[in-house]
Participant: 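Right, I'll just put the structure down here and ask away after.
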Amino acid sequence: YPGSLEAVRLLLKADPAAAETELLRLVNLFPLDESPVGARKMLAALYRRQLRHPEERSLLEDHLTLTAGDVDAAVRLMEVSLLQEDWKAALAAGQMALAVDPAQSSVLRQLANAAEKASSKAVAVRCLRGLLELDASQAPVWRFRIAGLLRLDDPREARRQLRSEEHTAE
């Protein structure tokens, strides 16, 4: 869109207020724009630089209602939700990112942390088991965390997680 070029020019001129105005105009003109380089994503990036997390989060949520396949937007939404200590929103965004690309160890790590804080043991255990597959160098850490989560519900499995000999034999 021609206005996007104007917004980029304003950003490059270090005029964030004018760029914000132009990007808001474009978002309103093209509300269904799902482009990963469209006005909504550019405005979210501007808000990110300005540490305006509530506004950034709102734009990312809107963007993801149009295109759930934007992994970068889902990951960023998870990060913003974690910053705001909204564990359930972080879980939802992380699961959206993993639905598109399940082999992201950084997302699994953050999602496991959010799941633990949200008391979603099953999600945390699934993420940690995924990390066992993707990042074997940290296997003792992942097993210890799994055991901690399972110790009350499934003490036998918790003990099994702590016995690394059994896992290396599998």
Participant: Do Glu116 and Asn113 have side-chain heavy atoms sitting under 4.5 Å apart?
Facilitator: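 Touching, per the 4.5 Å side-chain cut-off.
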
Participant: Is there a path from Val37 to Leu64 through hydrophobic residues (I, L, V, M, F, W, Y) whose side chains come within less than 4.5 Å of each other?
Facilitator: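 No, Val37 does not connect to Leu64 through the hydrophobic network.
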
Participant: Under 4.5 Å between side-chain heavy atoms, counting indirect links through other Ile/Leu/Val/Met/Phe/Trp/Tyr residues: same cluster for Leu46 and Met42 or not?
Facilitator: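 Yes, because Leu46 and Met42 connect within a single hydrophobic cluster, where side-chain heavy atoms sit under 4.5 Å apart.
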
Participant: Scan Leu77, Val71, Asp72 and name whichever one has a side-chain contact (heavy atoms from CB on, under 4.5 Å) with Val75.
Facilitator: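 Answer after filtering Leu77, Val71, Asp72: Val71.
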
Participant: Would you please test Arg126 and Glu133 for salt bridge (charged side-chain N to carboxylate O under 4.0 Å, His left out) and show each step?
Facilitator: CA-CA 11 Å; Arg126 273 197 314 272; Glu133 297 293 320; over 6 Å; no

Participant: Looking at side-chain heavy atoms only, is the closest gap between Arg159 and Arg151 below 4.5 Å?
Facilitator: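 With C-beta onward as the side chain, the pair stays apart.
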
Participant: Do Leu60 and Val27 sit in one hydrophobic cluster, given that two such residues count as connected whenever their side-chain heavy atoms are within less than 4.5 Å of each other, even indirectly?
Facilitator: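 In one cluster with Leu60: Val27, no.
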
Participant: With clusters defined by side-chain heavy atoms of hydrophobic residues (ILVMFWY) lying less than 4.5 Å apart, directly or transitively, does Trp87 cluster with Leu83?
Facilitator: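 They do not share one cluster, since no chain of ILVMFWY contacts under 4.5 Å joins Leu83 to Trp87.
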
Participant: Do Arg129 and Arg143 have side chains that approach each other closer than 4.5 Å (heavy atoms only, starting at C-beta)?
Facilitator: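 In short, these two side chains do not touch, never coming nearer than 4.5 Å.
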
Participant: Taking the side chain as every heavy atom from C-beta outward, state whether Asp70 and Lys41 have any atom pair closer than 4.5 Å.
Facilitator: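 Side-chain contact under 4.5 Å: yes.
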
Participant: Measuring from Leu24:CG to Leu29:CG, what's the distance to the nearest 0.5 Å?
Facilitator: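 Reported value, rounded in 0.5 Å steps: 11.0 Å.
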
Participant: Distance-only, no hydrogens or angles: does the Ser119 side chain make a donor-acceptor pair with backbone N or O of Ala115 under 3.5 Å?
Facilitator: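 Looks like no, no N/O pair under 3.5 Å.
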
Participant: Same cluster or not: are Leu59 and Met96 linked, directly or through other Ile, Leu, Val, Met, Phe, Trp or Tyr residues, by side-chain heavy atoms under 4.5 angstrom apart?
Facilitator: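 No; Met96 is not reachable from Leu59 via cluster members.
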
Participant: Walk me through it: do Arg57 and Glu61 pass the test salt bridge (charged side-chain N to carboxylate O under 4.0 Å, His left out)?
Facilitator: CA-CA 6 Å; Arg57 179 177 172 174; Glu61 288 170 342; 3.0 Å; yes

Participant: Considering only NZ, NE, NH1 and NH2 on the basic side and carboxylate oxygens on the acidic side, decide whether Arg52 and Glu20 come within less than 4.0 Å.
Facilitator: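 Answer for the salt bridge query: yes.
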
Participant: Verify the neighbour count for atom CD of Gln84: are there more than 12 heavy atoms of other residues, nucleotides or ligands below 6.0 Å?
Facilitator: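 Count over threshold, so yes.
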
Participant: With rounding to the nearest 0.5 angstrom, report the CG to CD distance, Leu111 to Gln104.
Facilitator: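 Going from the CG atom of Leu111 to the CD atom of Gln104 covers 11.0 Å.
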
Participant: Could you give the distance from NE2 (His63) to CG (Leu66), rounded to the nearest 0.5 Å?
Facilitator: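 Answer for the NE2-CG pair, His63 versus Leu66, is 7.5 Å.
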
Participant: Salt-bridged, Arg40 to Asp33, with N to O below 4.0 Å?
Facilitator: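 No, this pair does not count.
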
Participant: Evaluate the side-chain proximity of Leu131 to Leu128: yes if any heavy-atom separation is below 4.5 Å, no if none is.
Facilitator: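 Of all side-chain heavy-atom pairs linking Leu131 with Leu128, at least one is under 4.5 Å.
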
Participant: Has Lys121 got more than 12 heavy atoms of other residues, nucleotides or ligands less than 6.0 Å from its NZ?
Facilitator: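 Yes, because the 6.0 Å sphere around NZ of Lys121 holds more than 12 heavy atoms from other groups.
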
Participant: Less than 4.5 Å apart, side chain to side chain, heavy atoms only: is that true for Trp142 and Arg109?
Facilitator: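 Yes, close enough: below the 4.5 Å cut-off.
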
Participant: Would you say that more than 12 heavy atoms from the other residues, nucleotides or ligands in this model lie under 6.0 Å from the CZ of Arg156, or not?
Facilitator: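 Result for CZ/Arg156: open.
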
Participant: Mind checking whether Leu43 and Leu26 have side chains closer than 4.5 Å, heavy atoms only?
Facilitator: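 Counting from C-beta outward, Leu43 and Leu26 never come under 4.5 Å.
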
